[in-house]
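Because the structure is a prediction, the values reported are computed rather than measured. Counting convention: from 1, in listed order, for ligands and their atoms alike.
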Amino acid sequence: MSTLTTKKGAKNGQGPSKKPASAGKSAAENVINRSTIFDEVGLPRDADNLYTQTVATMLQASELIGLPHEVKIILAQPKNEIMVHFPVRLDNGEYKLFKGYRVQHNNALGPYKGGLRFHHDVHLDDVKSLAFLMTMKCALMKLPFGGGKGGVKCDPRSMSSNELMRVTRRFCAAISHAIGPDYDIPAPDVGTNAQVMAWFADTYDSLTDSNRSTWDAFRVVTGKPVEVGGSLGREKATGQGVVDVCAELLPELGINIKGMKFSVIGYGNVGSWTARIFHDMGAKLVAVMDHTGGIRNDGGIDAHALASHVSKVGGVAGFEKGAGSSSGKKGSQGATRISAEEFYKTPVDVLVPAALEQMIQTEQANIINAKVIAEGANAPSTPAGDRVLESRGVEIFPAILANAGGVTVSYFEWVQNKSCTSWSAEKVDTELNRMMVAAAGRTKAARSKYKCDMRTAAYCAALETVGKAYAVRGIFP
Ligand code: NAD
């Protein structure tokens with residue numbers, strides 16, 4: 001098994017070396033320039049395009065493991081891209097037309113699996129990339145699932161609960177013929193939560209086979225509330241998985257979670273749970289940034305107090321005014337408001353991006369003062385940003401490994417629903433940890449075998465699993 005090495009100059013609190021970014025192209029960008037597959041399947045060779053970036057990483061890893069050409073072209077495009085438009089009545093009586101997507105990338109290993117995002121900036125290319133990442137993530141975790149992703153272009157923050165429910169129900173109705181408990185199983189993502197999953201499952205149950213039991217129909221989504229078949233531990237699962245991966249990989253970099261400094265971008269489900277679990281293990285949260293702004297406290301921000309502040313007011317802004325601490329000492333855990341630039345410059349051992357894709361571009365990558373980036377979000381950096389981070393010696397724990405805890409506990413939920421059982425919180429945590437540690441081990445083994453970075457290694461390990469499935473299944477007819 002390989003040993004991760006602390007990269008040049010990345011001493012505690014000093015960040016990585018200030019070596020200038022490589023003028024050369026990254027391995028992924030070289031693949032984009034030379035691979036014929038982009039022309040064969042009709043993809044742009046634009047390195048800044050998120051989908052092109054995802055395919056390039058796959059092709060780079062495919063070359064290392066010798067994946068057959070036919071599997072590469074199958075993976076280079078999703079199997080199905082579904083786009084729907086549907087009208088919804090708003091609270092003021094007017095109707096608005098919404099656009100929704102469901103992309104089913106690959107199902108060689110099992111039913112399509114992946115979240116539903118409600119966000120004003122959802123586009124087909126993003127959904128395709130996220131569906132692709134789900135194929136890789138499920139394969140790396142050795143789950144019996146393929147990859148899918150969906151979303152609705154809307155702004156859930158500006159909608160009432162009733163409007164959100166009607167959008168959810170109409171979207172479910174629009175795609176109900178194309179999903180199913182053993183065919184395509186959505187879950188929560190940015191802008192959706194357990195309540196949205198409950199409305200979705202209820203709608204699916206009402207619209208489809210009336211002879212099937214409700215419990216079976218409800219398997220169509222995971223991430224449900226526990227009252228309707230959700231699993232204990234699902235809400236915190238992605239954050240727990242980030243922490244489990246860090247606990248497995250950080251010691252080899254000489255970083256101890258107890259006492260380490262960390263920062264988080266995005267304080268929603270993934271960011272806030274990661275922060276709370278790290279906090280309880282003795283790590284110090286020193287900076288947070290979300291869509292409402294950034295805050296910093298080198299003495300440590302109370303992750304629990306910040307979570308309850310965000311759940312009340314919708315963002316981290318205002319916490320600096322002295323929001324109190326979970327220990328009850330009001331004002332003792334405040335923070336200073338900071339700019340985005342100050343956030344990225346804050347010295348930390350670990351930075352956890354847990355917001356949207358592509359936030360770490362060249363400019364941010366050049367000023368980040370972290371030894372490790374543990375990717376809670378999917379594809380948080382651009383190829384150019386990645387190249388700068390690589391040249392500066394920042395270690396990256398890639399998203400398909402680091403944030404796989406959510407889909408893993410989704411799988412547990414699906415298994416529990418299928419077998420009409422419910423697991424204890426302890427069993428969920430133990431099984432999750434076992435699977436995260438095993439996947440981290442596969443990634444380290446691939447890194448050692450193929451002498452590559454952690455992201456490429458995670459793809460290599462995932463593609464080996466997908467490649468073996470195609471080798472034994474063959475390609476129809
Ligand atoms: P969420 O909606 O609960 O939280 C999103 C966070 O991003 C919010 O705190 C928001 O303030 C922040 N944000 C939005 N725009 C921002 C901006 N411009 N600058 C800074 N912060 C901004 O979403 P989530 O479920 O926590 O998902 C976060 C990321 O994790 C996404 O990339 C998602 O795909 C990924 N992910 C989520 C899960 C899951 O189980 N929820 C699983 C795997 C991966």
Side-chain angles (χ1 to χ4, degrees), residues 50 113-122 126-127 129-134 136-138 140-141 147-151 154-157 164 186-197 221-224 230-231 233-242 245 263-276 287-295 306-307 309-311 313-317 319 338-340 343-344 351-361 364 374-381 398-413 432 436:
L50 180 55
K113 185 88 191 80
L116 293 179
R117 173 172 299 192
F118 285 6
H119 193 267
H120 60 85
D121 208 19
V122 170
D126 310 335
V127 182
S129 306
L130 294 166
F132 194 131
L133 288 173
M134 286 307 297
M136 296 291 104
K137 201 179 295 184
C138 293
L140 175 62
M141 295 306 297
K149 200 81 178 189
C154 66
D155 183 5
R157 285 200 193 95
L164 191 60
D189 189 69
V190 174
T192 56
N193 55 21
Q195 175 61 76
V196 171
M197 294 304 113
V221 282
T222 56
K224 300 180 290 287
S231 177
R234 173 60 182 90
E235 204 202 322
K236 65 161 188 161
T238 307
Q240 183 68 59
V242 172
V245 166
S263 58
V264 179
I265 312 175
Y267 215 72
N269 176 286
V270 180
S272 74
W273 277 110
T274 303
R276 282 178 273 180
V288 181
M289 180 174 72
D290 75 357
H291 72 288
T292 63
I295 55 170
L306 182 58
H309 171 81
V310 171
S311 71
V313 306
V316 303
F319 188 75
I338 52 168
S339 66
F343 171 85
Y344 287 110
L351 165 63
V352 182
L356 300 177
E357 296 77 38
Q358 309 283 276
M359 288 190 64
I360 301 174
Q361 305 180 0
Q364 291 76 24
E375 295 184 338
N378 292 305
S381 49
I400 65 166
L401 171 65
N403 73 23
V407 71
T408 303
V409 176
S410 274
Y411 165 61
F412 298 163
E413 177 177 333
L432 174 62
M436 297 308 298

Do any heavy atoms of [X] fall under 4.0 Å from ligand 1?
{"X": "Glu375", "result": "no"}
{"X": "Arg157", "result": "yes"}
{"X": "Gly315", "result": "no"}

Taking only heavy atoms of [X], which atoms of ligand 1 are found under 4.0 Å from at least one of them?
{"X": "Glu357", "value": "32 (O)"}
{"X": "Met359", "value": "17 (C), 19 (N), 20 (C)"}
{"X": "Asn378", "value": "32 (O), 33 (C), 34 (O), 35 (C), 44 (C)"}
{"X": "Gly268", "value": "3 (O), 4 (O), 8 (C), 9 (O), 26 (O)"}
{"X": "Ala355", "value": "7 (O), 12 (C), 13 (N), 21 (N), 22 (C), 28 (C), 29 (C), 31 (C), 32 (O)"}
{"X": "Arg117", "value": "31 (C), 32 (O), 33 (C), 34 (O)"}
{"X": "Asn269", "value": "3 (O), 25 (O), 26 (O), 41 (N)"}
{"X": "Gly191", "value": "2 (O)"}

Considering only non-hydrogen protein atoms, determine which one is nearest to [atom] and report residue, atom name and distance to 0.1 Å.
{"atom": "atom 44 (C) of ligand 1", "result": "Asn403 ND2, 3.4 Å"}
{"atom": "atom 5 (C) of ligand 1", "result": "Ala354 O, 4.3 Å"}
{"atom": "atom 9 (O) of ligand 1", "result": "Tyr267 N, 2.8 Å"}
{"atom": "atom 33 (C) of ligand 1", "result": "Asp189 OD1, 3.2 Å"}
{"atom": "atom 20 (C) of ligand 1", "result": "Asp290 C, 3.3 Å"}
{"atom": "atom 27 (O) of ligand 1", "result": "Val190 CG2, 3.5 Å"}

- Query: Which is closest to atom 35 (C) of ligand 1 by heavy-atom distance: Ser410, Ser272, Gly376?
  - Reply: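 Of the listed residues, Gly376 has the closest heavy atom.
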- Query: Which option out of Thr238, Leu130, Val352, Val270 puts a heavy atom nearest to atom 26 (O) of ligand 1?
  - Reply: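 It is Val270 whose heavy atom sits nearest to atom 26 (O) of ligand 1.
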- Message: Check whether His291 reaches the backbone of Gly266 with its side chain - one donor and one acceptor, N or O, closer than 3.5 Å.
- Response: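 Side chain of His291 to backbone of Gly266: no pair is present.
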- Item | Side-chain (Ser263) to main-chain (Leu351) donor-acceptor, under 3.5 angstrom |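 Checked: no pair found.
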- Cut-off 3.5 Å, side chains only: do Asn403 and Asn378 have a donor facing an acceptor? yes
To check you understand the geometry: which heavy-atom pair defines the closest contact between [X] and [Y], and what is its length?
{"X": "Ile338", "Y": "Ala287", "value": "CD1-CB, 4.4 Å"}
{"X": "Gly239", "Y": "Thr274", "value": "CA-OG1, 3.2 Å"}
{"X": "Asp290", "Y": "Val316", "value": "OD2-N, 2.9 Å"}

Are the side chains of [Y] and [X] in contact, using a 4.5 Å heavy-atom criterion?
{"X": "Lys113", "Y": "Ser410", "result": "yes"}
{"X": "Arg117", "Y": "Leu130", "result": "yes"}
{"X": "Gln195", "Y": "Leu164", "result": "no"}
{"X": "Gln364", "Y": "Met359", "result": "no"}
{"X": "Phe319", "Y": "Val310", "result": "no"}
{"X": "Pro188", "Y": "Asn269", "result": "no"}
{"X": "Val242", "Y": "Trp273", "result": "no"}

- Item | Distance-only N or O hit between ligand 1 and His291, under 3.5 Å | yes
- May I ask you to check if ligand 1 and Lys137 share an N or O to N or O distance below 3.5 Å?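 In fact, backbone or side chain, Lys137 has no N or O that close.
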- Just heavy atoms, cut-off under 4.0 Å: does Ala237 contact ligand 1 by side chain, backbone, both, or neither? neither
